[in-house]
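This report refers to the structure that appears directly beneath it.
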Amino acid sequence: MNFFRCALISFLPVASYALETKPWLNNLGEFEFASAYTYSHFDRVQNASVQLREPSNDHLLRFDLSLTPSQMWDVQAEIEFAATPRQNFGYRSAAIQGRAQWLNDIAGDPVSWTTGVNLREVSSDSIRDISCPYHARFDVELCSAVGKEWSEKAFWVMRTWGNIGIGIGNQGSPWISALGVWERNWDNHHRAIVFASGYFGFG
């Protein structure tokens, strides 16, 4: 496996966490729009009953819109489009997430803490696609995040946080997702991020 493919694979866990996972809310009353494109390439599927006959080149386009209507709540909507060897470019999934912030270290609490729930609907074509990471046509996940931020003057300089989710679909077995992150910020010009993530199914 060459360096380029290793580099692509190392960034895949970041792409899998498109819905907000950090325990801080966005600016009060502001809409925030984000978009992302992800390319992935693989030529084998571990323990597959029928192995791929040729490499898979997959393209994913994602759009997110979030709003923080109060100091305690935020909501986010997401839509994804995919193009793979198994499906033409088109709709993959849509999700909505709501979160509540119970503690806020920026306002003086020891840590920041959020809990939330997200619901996702997945197209029938994508569910049959090996590159699709979702479990069923309809998924629900409960999540919770805890973090701490250190600031200097106008900017935060370091923060660490983690998120855990427990989910189940309308068919199949439940799963647990976990994410741990350390970030360093230099005057909002440069940023370093180190993270570890896991996705554990029980089926």
Using a 6.0 Å cut-off, check whether atom [atom1] of [X] has over 12 heavy atoms from anything other than its own residue.
X	atom1	value
N88	CG	no
Q51	CD	yes
Y37	OH	yes
I130	CD1	no

Distance in Å, [X] [atom1] paired with [Y] [atom2], rounded so as to fall on 0.5 Å steps:
X	Y	atom1	atom2	result
I106	S151	CD1	OG	6.5 Å
S177	Y199	OG	OH	6.5 Å
L103	T114	CG	OG1	10.0 Å
L25	L67	CG	CG	11.0 Å
D139	Y134	CG	OH	9.0 Å
F81	F89	CZ	CZ	6.0 Å

Using a 3.5 Å distance criterion without hydrogens, assess whether the side chain of [X] forms a donor-acceptor pair with backbone atoms of [Y].
X	Y	value
D129	R86	no
D109	V111	no
S126	S93	no
N27	E30	no
K148	P110	yes
T68	S70	no
N163	T21	yes
E141	V117	no
D187	H189	no
R62	I79	no

Close side-chain approach of [X] and [Y], heavy atoms under 4.5 Å:
X	Y	answer
W186	V157	no
F195	L179	yes
W175	H135	yes
D64	Q76	yes
I193	V181	yes
I127	R92	no

Review point. Restricting to pairs with a member in residues 112-122, which pass salt bridge (charged side-chain N to carboxylate O under 4.0 Å, His left out), not counting sequence neighbours?
Key: E78-R120, E80-R120, E121-R137
Review point. Restricting to pairs with a member in residues 153-166, which pass salt bridge (charged side-chain N to carboxylate O under 4.0 Å, His left out), not counting sequence neighbours?
Key: E149-R159, R159-E183
Are [Y] and [X] linked, directly or through intermediate hydrophobic residues, by side-chain heavy-atom contacts shorter than 4.5 Å (ILVMFWY only)?
X	Y	answer
V75	W73	no
M158	V194	yes
V140	I96	yes

Point to revise | R184/R191 under side chain to side chain contact (heavy atoms under 4.5 Å, CB included): CA gap, chis, key distance, verdict | key: CA-CA 6 Å; R184 181 70 166 88; R191 188 177 299 180; over 6 Å; no
Review point. With under 30° as parallel and over 60° as perpendicular, where do the rings of W161 and W24 fit, or are they tilted in between?
Key: perpendicular
Practice item. On the 0 to 90° scale, with breaks at 30° and 60°, tag the H59-Y39 ring pair as parallel, tilted or perpendicular. Key: tilted
**Study point:** For W102, side chain to side chain donor-acceptor pair (under 3.5 Å) partners two or more places apart
**Key:** T115
Exercise for review: Could you walk me through whether H41 and S56 pass the side chain to side chain contact (heavy atoms under 4.5 Å, CB included) test, one step at a time?
Suggested key: CA-CA 6 Å; H41 171 91; S56 184; over 6 Å; no
Exercise for review: May I have the step-by-step check of side chain to side chain contact (heavy atoms under 4.5 Å, CB included) for W150 and T160, ending in yes or no?
Suggested key: CA-CA 9 Å; W150 293 267; T160 183; 4.0 Å; yes
Identify the two heavy atoms, one from [X] and one from [Y], that lie closest to each other, and give their separation to 0.1 Å.
X	Y	answer
S131	D58	CB-OD2, 3.0 Å
Q71	L28	N-CD1, 3.6 Å
R99	K22	NH1-O, 2.6 Å
P23	A145	CB-O, 3.7 Å

Practice item. Before giving the answer on side chain to side chain contact (heavy atoms under 4.5 Å, CB included), spell out for V146 and S112 the whole-Å C-alpha distance, their side-chain angles and the decisive distance to 0.1 Å. Key: CA-CA 6 Å; V146 176; S112 287; over 6 Å; no
